[in-house]
Each structure stands twice: as structure tokens, then as C-alpha cells.
Amino acid sequence: MMYEHQHVGISDNKGRQMRLDDSDHDSSTKLEIVDLSGLSLDSLPNPPLNLATICKLDLSNNNLQNIPESLTARLLNVIVLDVHSNQLKCLPNSIGCLSKLKILNVSGNLLQQLPRTIDNCRSLQELNANFNKLRQLPDNIGFELVNLRKLSVNSNKLVFLPNSTSHLSNLRVLDARLNCLRSLPEDLENLVNLQILNVSQNFQYLGSLPYSIGLLMSLVELDVSYNKITALPDSIGCLKKLQKLSVEGNPLVSPPQEVMEQGLHVVKQYLCDNINGTSHKQSNKKNSWLGKLAKCGTFSGSVKIPDREAYIIPSYRPIDGLASPRYMGMFSPKRLFSPKSYFSR
């Protein structure tokens with residue numbers, strides 16, 4: 001069925017035309033985009049509007065402290081909901097009613113947790129919750145959000161990721177840098193489509209990586225920089241598609257510095273040689289991992305050097321887009337100089 005997309009809204013003080021349509025729409029033939037971003041709104045207008053006709057709602061870069069439960073519950077056809085760079089301390093529980101929601105951006109707020117009802121948003125493909133105060137994620141997030149492809153939770157206060165995270169079999173990108181992570185889930189074998197894993201800058205908290213990281217058969221980029229990791233798991237040598245590995249800022253003992261300086265191919269060969277040379281001495285637990293590595297096809301007793309050259313990233317990489325216009329709302333005078341500073345810990 002063909003949908004007609006129409007931008008609607010209200011008229012702001014700059015003369016930007018943002019008409020809110022008060023007519024009764026047939027949601028089966030017409031869906032609309034409502035853009036109320038950057039209007040310094042403290043609360044939402046309450047015009048006559050058929051919310052069921054909205055496919056995208058942009059409330060970003062305002063001063064909203066809450067979103068009414070009644071509003072969210074009626075967004076029956078919304079696919080994209082963007083509320084980044086506001087002052088939200090919580091999300092409405094009725095967000096669980098958004099069965100068609102595919103993209104949710106709640107970054108740059110004051111959220112300490114996500115509502116458990118978010119598990120009901122089973123169409124969700126991208127969740128951006130960067131730059132909040134999250135201390136944990138819903139326990140069942142990995143069991144319920146089976147279509148999730150990108151999970152961005154950087155710059156929060158997360159101590160761990162739920163074990164269910166390892167069941168996100170469609171996940172492509174997992175960004176959990178700049179948190180307080182002390183460990184990662186042990187069983188990562190179901191993340192068969194994961195291409196980018198970033199758990200950098202957990203500083204004094206993250207001291208090791210699970211051996212199952214070698215089962216991430218699609219992994220292309222791995223960033224574990226600026227943690228307190230002393231040894232990389234030998235299983236990393238089995239990651240055939242890995243092209244970028246960033247480990248700077250760790251007190252690494254294994255592999256030794258002279259190996260690290262020779263590039264990713266040498267590092268992978270070193271780690272794989274460790275498996276070859278010590279597999280007969282491994283504990284039962286380690287041998288079980290070797291069996292899984294072989295079963296997944298990541299370990300075959302040697303490392304084939306790919307034609308495409310890979311590098312260990314040598315320099316610090318800042319947070320992507322931190323100073324971009326998309327995030328400038330987070331650095332408003334109101335936020336930076338308020339008694340409860342946005343960056344307070």
C-alpha cells in the first residue's frame with residue numbers, strides 16, 4: 001500500500017510553517033511527519049490532532065521534562081521517535097504501545113533507567129540512549145527486542161550489560177563506551193551478525209574480556225581502548241573478519257608490546273599460536289570454548305592472513321559527533337550552568 005508522507009506542525013517565532021492538521025485522517029492511506037524540534041518547548045502543545053496518523057515525531061532539542069502517557073499511547077503508527085537533547089528524567093510506560101516503532105533516539109537526557117515496557121517494542125531496530133545517567137538496562141531486552149540492529153548506550157553509568165544482550169542475534173553495532181562496565185556477558189556466541197563492538201573508556205573498571213569474543217564471526221571492528229585489560233583472550237586470533245583493533249590505554253602484558261607494534265596480522269597470529277601451543281593443557285572449560293570456536297568455523301588451527309590490510313588503531317578517537325549540531329542542544333547555557341550539571345557524576 002502506498003503511503004503519503006506529509007510534514008505538519010505549528011508555526012514558530014521564526015515564521016517556520018509547521019501546521020498541525022486537525023482533520024480526521026484515514027491512517028491506512030496517509031501518514032505524517034511532525035517536526036517540533038528546536039523550539040525551546042517546556043511542554044507540548046495540545047492541538048486537535050489525530051496522533052494515529054504520525055509516522056515520525058521529532059521533539060528533539062527542546063526543554064521537555066516529561067512526555068505525557070496519553071500522547072505516547074496514541075502514536076499507533078509511529079516508526080521514528082526522536083526526543084534527544086531534552087531534560088527527560090523518565091520515559092512514559094506507554095512507550096510499550098508503540099508496536100511499529102523502529103528508531104528511538106532518547107540521547108542527551110537525564111534518564112536513569114528505561115521503562116521495562118520497552119520490551120514490547122518488538123519492531124525496534126535502533127536504540128540510541130547515549131549521554132544519559134543509565135545505571136542498568138531492562139533484564140529481558142535481548143530476549144524481546146529481537147530485531148534490534150544498533151544499540152548505543154555510551155556515556156552512561158552502566159556497570160554491566162544484561163546477560164540477555166548476548167541473544168540479540170540481529171545486532172550489528174554495540175556501543176557501550178564511557179560507562180562503568182566491570183565485565184561483558186560470558187556467552188556472546190549468538191551475536192553472529194555483530195560487526196562493531198566498542199567498550200572503550202570504561203577506564204579502571206573493565207579488566208578482562210570473555211573468551212567467547214572469538215565467536216563473533218562477523219566482527220570487523222573491536223575497540224577496547226582505555227580500560228585495565230592485561231591480557232587479550234587468545235580467541236581474538238580466530239576473528240577472521242576483524243580489520244580494526246584498538247587496545248591503547250591498557251596495561252597489556254599479553255600480547256607483549258613488541259608484538260602489538262607489528263600490526264594486527266601479527267597479533268592474531270600470536271594469539272592463535274597460543275591456542276595451538278597450549279590447547280592440550282587447557283582446562284575443560286577452555287577446551288569447551290575451543291570446540292565452539294571450531295564448530296563456528298572461526299578456529300582451524302591457523303590464521304590465514306587476509307589480502308585486505310588491517311591496522312591497530314594507534315591514536316585516541318574522540319566520541320563521534322560530540323560537537324556536531326545534532327548534539328549542540330546538550331551544551332545549552334541552561335544545562336551547563338544549572339545547579340544539577342548535566343555532566344555531574
Side-chain angles (χ1 to χ4, degrees), residues 1-111 113-129 132 138 141 144-150 326 329:
M1 179 177 294
M2 296 296 293
Y3 292 99
E4 178 184 348
H5 294 272
Q6 186 178 54
H7 292 269
V8 298
I10 61 175
S11 181
D12 65 10
N13 57 9
K14 297 179 182 178
R16 181 173 54 177
Q17 189 62 33
M18 301 173 64
R19 182 178 56 84
L20 282 172
D21 197 337
D22 60 358
S23 61
D24 234 349
H25 293 294
D26 180 359
S27 60
S28 65
T29 58
K30 182 186 293 186
L31 292 177
E32 298 165 335
I33 297 173
V34 175
D35 183 359
L36 300 175
S37 63
L39 299 177
S40 299
L41 297 176
D42 294 311
S43 61
L44 292 174
N46 190 27
L49 175 66
N50 184 356
L51 298 177
T53 66
I54 299 176
C55 67
K56 177 180 179 180
L57 178 59
D58 188 348
L59 301 173
S60 63
N61 290 294
N62 284 296
N63 296 310
L64 300 174
Q65 296 186 24
N66 65 77
I67 298 176
E69 293 275 357
S70 58
L71 182 146
T72 314
R74 291 183 289 163
L75 295 171
L76 301 179
N77 288 297
V78 73
I79 296 173
V80 179
L81 178 59
D82 189 347
V83 295
H84 84 262
S85 299
N86 277 284
Q87 302 284 334
L88 299 175
K89 294 182 178 179
C90 63
L91 295 177
N93 287 318
S94 57
I95 200 167
C97 299
L98 308 184
S99 60
K100 297 182 180 180
L101 186 66
K102 292 185 177 181
I103 299 176
L104 175 62
N105 190 345
V106 297
S107 64
N109 281 286
L110 305 171
L111 303 175
Q113 62 182 2
L114 298 176
R116 294 186 179 276
T117 54
I118 201 171
D119 290 346
N120 296 324
C121 301
R122 293 185 176 88
S123 296
L124 199 63
Q125 295 181 6
E126 181 175 333
L127 173 58
N128 185 342
N132 278 285
I141 191 171
E144 305 296 340
L145 301 185
V146 295
N147 292 303
L148 202 62
R149 296 188 176 190
K150 183 176 182 179
R326 181 179 182 183

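Residues take their numbers from the sequence shown, with the count starting at 1.
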Please round to the nearest 0.5 Å and tell me the distance separating atom [atom1] of [X] and atom [atom2] of [Y].
| X | Y | atom1 | atom2 | value |
| --- | --- | --- | --- | --- |
| Ser123 | Lys100 | OG | NZ | 9.0 Å |
| Ile79 | Ile54 | CD1 | CD1 | 12.0 Å |
| Leu145 | Glu126 | CG | CD | 13.0 Å |
| Leu75 | Ser99 | CG | OG | 11.5 Å |
| His84 | Asn132 | NE2 | CG | 12.0 Å |
| Leu111 | Leu91 | CG | CG | 5.0 Å |

Could you work out, with side chain to side chain contact (heavy atoms under 4.5 Å, CB included) as the rule, every residue matching Val80, not counting sequence neighbours? Lys56, Ile103
Could you pull out all residues at least two apart from Leu76 that satisfy side chain to side chain contact (heavy atoms under 4.5 Å, CB included)? none
Is a side-chain donor or acceptor of [X] paired with a backbone partner of [Y] at a separation under 3.5 angstrom?
| X | Y | result |
| --- | --- | --- |
| Asn147 | Gln125 | no |
| Asn93 | Thr117 | no |
| Glu69 | Ser94 | yes |

With heavy-atom distances below 4.5 Å as the criterion, would you say the side chains of [X] and [Y] are in contact?
| X | Y | value |
| --- | --- | --- |
| Thr53 | Lys30 | no |
| Ser60 | Ser37 | yes |
| Ser40 | Asn63 | yes |
| Ile118 | Leu104 | yes |
| Val106 | Leu88 | no |
| Leu127 | Leu114 | yes |
| Leu59 | Leu44 | yes |
| Cys55 | Ile33 | yes |

What's the verdict on side chain to side chain contact (heavy atoms under 4.5 Å, CB included) for Leu41 and Leu36, showing C-alpha distance, side-chain angles and the deciding distance? CA-CA 9 Å; Leu41 297 176; Leu36 300 175; 4.2 Å; yes
Sequence-distant partners of Arg122, salt bridge (Lys or Arg N to Asp or Glu O under 4.0 Å), two or more places apart: Glu144
What are the two closest non-hydrogen atoms of Pro115 and Ile95, and how far apart are they? CG-CG2, 3.8 Å
Reference residue Asp82; test side-chain contact (heavy atoms from CB on, under 4.5 Å); the match among Asn61, Leu57, Asn128, Asn105: Asn105
